[in-house]
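Have a look at the structure below, then the notes.
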Amino acid sequence: SSGINAEYGGTRVGDQPATGRMSVRLDTTGLTLAGFDNDAVIVVTYSFNSGVTAAGVPYTANGFPRTAYFPDTAEGNEVVDLIKLAFKRRLIFTIGTSVTTGETNTLVWNDIHHKTSLARGDTYGYPDPGYLQRVRAELKAKGVE
């Protein structure tokens, strides 16, 4: 599934549950991201509970809250602003089948990659020189730019 269930005036809106929360804060504890060693870190946290869609389909929300990390640079802030817009449009998560657990009707990432690890060299962490540009492209593919 594309994770897209409607378009309003050309604006794509996804099926991410409307009850979710996104918080954005600047880290004050001294976290660093490999490759951005002199920059502060923007911490984005998503919170969802299991529930029922507007269409009446029950879904689970496992592994929440989920936290992602972005560098506090000009580009990092631009990407976080786009992520906020994508969240408002309900495009960050979708209801589908978990690649990791095989569980169906569960909240999963919707093809907009997030760095969820602080471990240097981790697949889901930094350094990753092309990451911010790739996320911009993923957001643009969903009409967020």
I need the full list of salt bridge (charged side-chain N to carboxylate O under 4.0 Å, His left out) pairs touching [range], with sequence neighbours left out, sorted by first then second residue.
range: residues 126-135; value: K115-D128, D128-R134
range: residues 19-30; value: none
range: residues 31-58; value: D37-R120

Residues in salt bridge (Lys or Arg N to Asp or Glu O under 4.0 Å) with R136, at least two apart? E75, E78
Hits for salt bridge (Lys or Arg N to Asp or Glu O under 4.0 Å) against K84, two or more places apart or cross-chain, chain-then-number order -> D81
Roughly how far apart are [X] [atom1] and [Y] [atom2], rounded to 0.5 Å?
X: K142; Y: R12; atom1: NZ; atom2: CZ; value: 7.0 Å
X: L33; Y: F70; atom1: CG; atom2: CZ; value: 10.0 Å
X: N38; Y: T32; atom1: CG; atom2: OG1; value: 9.5 Å
X: L107; Y: D15; atom1: CG; atom2: CG; value: 8.5 Å
X: Q16; Y: T94; atom1: CD; atom2: OG1; value: 8.5 Å
X: L82; Y: L91; atom1: CG; atom2: CG; value: 12.0 Å

Give the C-alpha distance, both sets of side-chain angles, the deciding distance and a yes or no for side chain to side chain contact (heavy atoms under 4.5 Å, CB included) between V24 and I42. CA-CA 7 Å; V24 177; I42 302 167; 3.6 Å; yes
Here the side chain to side chain donor-acceptor pair (under 3.5 Å) pairs for residues 63-73, sequence neighbours left out, are D72-N77
Nearest heavy-atom contact between G121 and P127 is N-CD, 3.8 Å
Taking H113's backbone N and O only, do any of them form a donor-acceptor pair with E138's side chain (distance below 3.5 Å, no angle check)? yes
Is it the case that one hydrophobic cluster holds both V52 and V108, taking links as side-chain heavy atoms less than 4.5 Å apart, direct or via other members?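 No.
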V79 with L31, same ILVMFWY side-chain cluster at under 4.5 Å: yes
Contacts under 3.5 angstrom, residues 95-102 side chains, donor-acceptor by atom type, not counting sequence neighbours:
{"from": "S98", "atom 1": "OG", "to": "T100", "atom 2": "N", "distance (Å)": "3.2"}
{"from": "S98", "atom 1": "OG", "to": "T100", "atom 2": "OG1", "distance (Å)": "3.1"}
{"from": "S98", "atom 1": "OG", "to": "T101", "atom 2": "N", "distance (Å)": "3.0"}
{"from": "S98", "atom 1": "OG", "to": "T101", "atom 2": "OG1", "distance (Å)": "3.1"}
{"from": "T101", "atom 1": "OG1", "to": "E103", "atom 2": "N", "distance (Å)": "3.1"}

Could you tell me which residues satisfy side chain to side chain contact (heavy atoms under 4.5 Å, CB included) with [X], sequence neighbours excluded, listed by chain and number?
X: A119; result: S117, D122
X: T28; result: none
X: T123; result: none

Which donor-acceptor pairs under 3.5 Å do the side chains of residues 43-50 make with protein atoms, sequence neighbours left out?
{"from": "Y46", "atom 1": "OH", "to": "H114", "atom 2": "NE2", "distance (Å)": "2.8"}
{"from": "S50", "atom 1": "OG", "to": "A61", "atom 2": "N", "distance (Å)": "2.9"}

Do T60 and N105 come within less than 4.5 Å of each other through their side chains, counting heavy atoms only?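 They are not in side-chain contact.
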Contact between I83 and M22 at the side-chain level, heavy atoms closer than 4.5 Å - yes or no?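 When only atoms from C-beta onward are counted, M22 and I83 do touch, with a gap below 4.5 Å.
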Name all pairs fulfilling the ring pair (Phe, Tyr, Trp, His ring centres under 6.0 Å) condition that reach into residues 13-41, sequence neighbours left out, sorted by first residue then second.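 Found F36-Y126.
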Using the rule given for side chain to side chain contact (heavy atoms under 4.5 Å, CB included), can you reason through T106 versus Y59, listing the C-alpha separation, both sets of side-chain angles and the distance that settles it, and then say yes or no? CA-CA 5 Å; T106 192; Y59 64 88; over 6 Å; no
